[in-house]
Amino acid sequence: MSRKRTAVLISGRGSNMGALISAAMEPSYPAEIALIVSNRPDAKGLERAAEFGIPTAVVDHTGFAGDREAFERAIDAVLREHRIELVTLAGFMRILTPYLVNAWSGRMINIHPALLPSFKGLATHERALDEGVKIHGATVHFVSAEMDDGPIIVQGAVPVLDHDTAETLAARVLEVEHRIYPKALELVATGKTKVTGARVLTGAASESELQLVWPD
Ligand code: GRF
C-alpha cells in the first residue's frame with residue numbers, strides 16, 4: 001500500500017496536527033505526515049513537529065505585503081517540492097483564495113470546531129453558548145471557495161452542559177476533533193470518499209464511520 005504524502009498546515013499549537021501524526025505512526029494508516037507548514041514562525045506546533053522528526057516549513061504571510069495569492073503560490077511551491085498529495089488544514093488561520101482552493105480541490109480538508117453549517121467563522125464555542133444549543137461539535141470537510149463550507153466528511157457531536165463555559169466546551173469538542181480528524185483523513189487517503197453535490201459518500205457499511213457522538 002502506498003501511503004499518501006500528507007501536509008498539515010498550522011498557525012498555532014498544533015494539537016490536531018499531533019493527533020494526525022499519532023494516527024500516522026501506525027504503519028497500516030493510509031497517510032504519512034510528510035510536511036508541516038506554518039504561516040507563523042513562532043507557532044508552537046513547529047517545535048512539536050520537529051520533535052517527531054517531521055520536516056517543517058515556514059511561509060510567513062507577513063512577507064507578502066497583503067498579496068494573498070503570492071503567499072499561496074509560495075505555499076503551493078513548498079507542497080509540490082515535498083511531493084505532497086493531500087493537504088490538511090489544522091488551525092491554519094488564513095482565509096484562502098480560489099487559487100489554493102482550486103489547486104488542491106478534492107485533496108484539501110479542514111477541521112472546524114462546530115457542527116457545520118452552524119457557526120462558521122471564529123468564536124464558535126461562545127456563539128454556541130449564546131444561542132443555547134444543546135448539541136455542539138466539530139466537522140471535517142473538503143475545502144471549497146467559501147470559508148468553512150464544502151462537503152462534510154465526518155462530524156462529531158458533544159452535549160452542552162449546564163455549567164459549560166466556552167473553555168470547557170472547547171476542551172470537550174477538542175477531544176472529538178482529535179478523533180474525527182484522523183478518521184476523515186483515513187477515509188480520504190484510501191479513496192473511499194465520493195463527493196456528490198454537498199454530500200460525501202463512502203460506501204461504508206456502517207454509518208458510524210462518518211459520525212461520532214461523545215461519550216460513545
Ligand atoms: C481547532 O479547534 C480547530 O478546529 C480550529 O482551530 C483549532 C486549532 O487547534 N480550526 P490546534 O492548533 O489543532 O490545537
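Atoms within each ligand, like the ligands themselves, are counted from 1 in listed order. Numbers here are sequence positions counted from 1.
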| note | One should read off an interatomic distance between Leu212 CG and Gln155 CD, to the nearest 0.5 angstrom, of 11.0 Å
| task | Give a yes or no on whether the ring-centroid distance for His141 and His112 is below 6.0 angstrom. | result | no
Identify, for [atom], the protein heavy atom at the shortest distance, and state residue, atom and that distance.
atom	answer
atom 5 (C) of ligand 1	Pro113 CD, 3.9 Å
atom 3 (C) of ligand 1	Glu177 OE1, 3.2 Å
atom 13 (O) of ligand 1	Asn16 N, 2.8 Å
atom 12 (O) of ligand 1	Gly14 N, 2.9 Å
atom 9 (O) of ligand 1	Arg13 NH2, 3.3 Å

| field | Polar proximity ligand 1 side, His112 side, N/O cut 3.5 Å exclusive | value | no
| message | Quick check on side chain to side chain contact (heavy atoms under 4.5 Å, CB included): which of Thr56, Val8, Ile54, Leu79 does Leu35 satisfy it with? | response | Leu79
| Side-chain donor/acceptor of Arg3 to backbone N/O of Ala31, under 3.5 Å | yes
| Under 3.5 Å, is there a donor-acceptor pair between the side chain of Thr97 and the main chain of Glu69? | no
| query | If you measure from each heavy atom of Ile111 to ligand 1, is any distance below 4.0 Å? | reply | yes
| said: Need the ligand 1 atom indices (1-based, order shown) with element for anything under 4.0 Å from a heavy-atom of Gly91. | reply: 6 (O), 8 (C), 10 (N)
| said: Between Asp149 and Lys120, does any side-chain N to carboxylate O distance fall below 4.0 Å? | reply: yes
